[in-house]
A.B. asks: 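So that we are looking at the same thing, I have put the structure below in structure tokens.
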Amino acid sequence: MSTGTVDTLTQVLGTLQGIFVVVFLVGTMAVVGFQLTRGDVSETVRSYNLLARWLLANMVAVPLFAVVMWLVFDLSDPLLTGLVLISFAPGAPFIPRLVLLAGEDSKQALKITASLTVVAAVIVPVFATGMLVLIELREGVSLFRFLVPLVLVLVAPIAVGALVRDWRPDLAARATKPLARLSSLSLFAALAVIVILNPGGIIRTLISLVGTGTLFVLLLFTFGSIAIGWFVGGPTAEGRRILGLACAARNIGIALFIVTGAFPDSNADSVIVAYTVLMFVVTGGVAYYWGRTRRAILSMA
């Protein structure tokens, strides 16, 4: 295969990766909107204390924890880039499923997902730019150009989905499941393209998980994020568990969206792929343990 053909194929796959990420974000955010009502939105806005806890933990404490890890450990540039972008990407769309697995209120998890997503669309480009310049990882790069695209792919679908839920609840109910499936397939497709485009980077990242302490760093970040949510989550065990899972379950779509456009050659996408696997394993395991423990306590009552 000629060099020109390889370059063309790489460009096509890169474009497909971007499309898959956008489809994932738009679809998952629309599904979140389909499940919200006007009452949910107004109730969330009025819950100042709860909303402040969500934002403090996800938008301040978790990113600061990533900075602490950078100061303590000698992180490679790809690992540091990936970790910074992950730390500034809250509101994973599967948070309600994790919370449901933990036996807690998935409706509250839905509200926290929507709230964090709306805030992240505005704050992520600003904070990520400042952070990358502050740690001197990327000089002269501006992520402000991602502000409008992030609002379009994150906030707009939630708003449209909520309007559809309000005006045509039957249509929202019918569209939720197939759109959720399409979104999941799009995420898997985007991750598969990353592997195809950079198999060497993926292999090096997987090897580094075992041999260079990368696995320890990512696991520490995941469990540390859960601990942050637990301590900031408030006086009830339910609130602590929900926020703990929400802090560790980062929105991989946002991180991939930025790394694809701003750092295509950084190998940070390989770190994001590795974190995705660990995130699903750890948060799923913790949610299952909490749910099993809760069921055991209720059965003894």
Side-chain angles (χ1 to χ4, degrees), residues 52-92 94-95 98-99 101-102 104 109 112-113 115-116 119-120 123-124 127-128 130-132 134-135 137 205-206 208-252 254-255 258-259 268 270-291 293:
R53 289 179 184 275
W54 294 347
L55 297 179
L56 174 64
N58 278 275
M59 302 306 302
V60 178
V62 172
L64 284 178
F65 182 49
V67 174
V68 170
M69 295 188 68
W70 166 63
L71 295 174
V72 173
F73 300 102
D74 183 21
L75 304 181
S76 64
D77 280 1
L79 178 56
L80 181 55
T81 303
L83 200 62
V84 167
L85 294 179
I86 289 169
S87 70
F88 278 107
F94 56 87
I95 291 175
L98 286 174
V99 171
L101 180 62
E104 304 296 351
I112 189 174
T113 302
S115 302
L116 292 174
V119 173
I123 291 183
V124 165
F127 277 19
M131 181 65 66
L132 292 172
L134 177 65
I135 63 180
L137 185 59
T205 300
L206 292 177
S208 71
L209 288 179
V210 179
T212 64
T214 301
L215 176 62
F216 174 75
V217 169
L218 294 179
L219 283 175
L220 180 60
F221 179 78
T222 307
F223 281 109
S225 298
I226 293 176
I228 289 172
W230 177 269
F231 286 112
V232 181
T236 66
E238 178 187 27
R240 292 194 295 268
R241 289 173 178 174
I242 291 176
L243 190 53
L245 293 172
C247 283
R250 313 309 285 175
N251 194 323
I252 299 304
I254 295 178
I258 293 179
V259 79
S270 301
V271 174
I272 294 173
V273 172
Y275 180 77
T276 301
V277 176
L278 289 175
M279 177 182 64
F280 278 120
V281 172
V282 172
T283 57
V286 171
Y288 175 78
Y289 172 76
W290 279 344
T293 303

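Just the heavy atoms: all of them, side chains too, but no hydrogens, waters or symmetry mates, feed the values below.
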A.B. asks: Checking Phe73 now: which residues fulfil ring pair (Phe, Tyr, Trp, His ring centres under 6.0 Å) with it, not counting sequence neighbours?
C.D. replies: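 Result, ring pair (Phe, Tyr, Trp, His ring centres under 6.0 Å) vs Phe73: Phe216.
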A.B. asks: Which side-chain N or O atoms in residues 280-288 pair as donor and acceptor under 3.5 Å with protein atoms at least two apart or in another chain?
C.D. replies:
unit_1	atom_1	unit_2	atom_2	d
Thr283	OG1	Met279	O	2.5

A.B. asks: Could you pull out every donor-acceptor pair under 3.5 Å between side chains of residues 222-231 and any protein atom, sequence neighbours left out?
C.D. replies:
unit_1	atom_1	unit_2	atom_2	d
Thr222	OG1	Leu218	O	2.8
Ser225	OG	Phe221	O	2.7

A.B. asks: Distance from Ile252 atom CD1 to Thr276 atom OG1, nearest 0.5 Å?
C.D. replies: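 Interatomic distance, Ile252 CD1 to Thr276 OG1, rounded to 0.5 Å: 3.5 Å.
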A.B. asks: Under the side chain to side chain contact (heavy atoms under 4.5 Å, CB included) criterion, do Asn58 and Arg250 qualify, and how do the steps go?
C.D. replies: CA-CA 9 Å; Asn58 278 275; Arg250 313 309 285 175; 2.9 Å; yes
A.B. asks: Taking all atoms of both residues into account, what is the closest heavy-atom pair of Gly82 and Val271, and its distance?
C.D. replies: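 Looking at all heavy atoms of both residues, the shortest contact is CA-CG1, 4.3 Å.
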A.B. asks: Working to the nearest 0.5 Å, report the span between CD1 of Ile272 and CG of Leu79.
C.D. replies: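 Going from CD1 on Ile272 over to CG on Leu79, the span is 11.0 Å.
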A.B. asks: Of all heavy-atom pairs between Pro63 and Ser87, which one has the smallest distance, and what is that distance?
C.D. replies: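 Closest approach of Pro63 to Ser87, heavy atoms only: CG-O, 3.5 Å.
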A.B. asks: Does any part of the side chain of Leu215, heavy atoms only, come nearer than 4.5 Å to the side chain of Leu278, both counted from C-beta?
C.D. replies: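 The answer is yes; the side chains approach within 4.5 Å.
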A.B. asks: Which pair of heavy atoms, one from Tyr275 and one from Ala248, lies closest together, and at what distance?
C.D. replies: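 Scanning both residues completely, I find the closest heavy atoms to be OH-O, 2.9 Å.
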A.B. asks: Please list every donor-acceptor pair under 3.5 Å in which a side-chain atom of residues 232-244 meets a protein atom from a residue at least two apart or in another chain.
C.D. replies:
unit_1	atom_1	unit_2	atom_2	d
Thr236	OG1	Gly239	N	3.1
Arg240	NH1	Gly234	O	3.2
Arg240	NH1	Pro235	O	3.0
Arg241	NH1	Glu104	OE2	3.1

A.B. asks: Minimum heavy-atom separation for Asn251 to Pro90, with atom names?
C.D. replies: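 Where Asn251 meets Pro90 most closely, the heavy atoms are CB-O, 3.3 Å.
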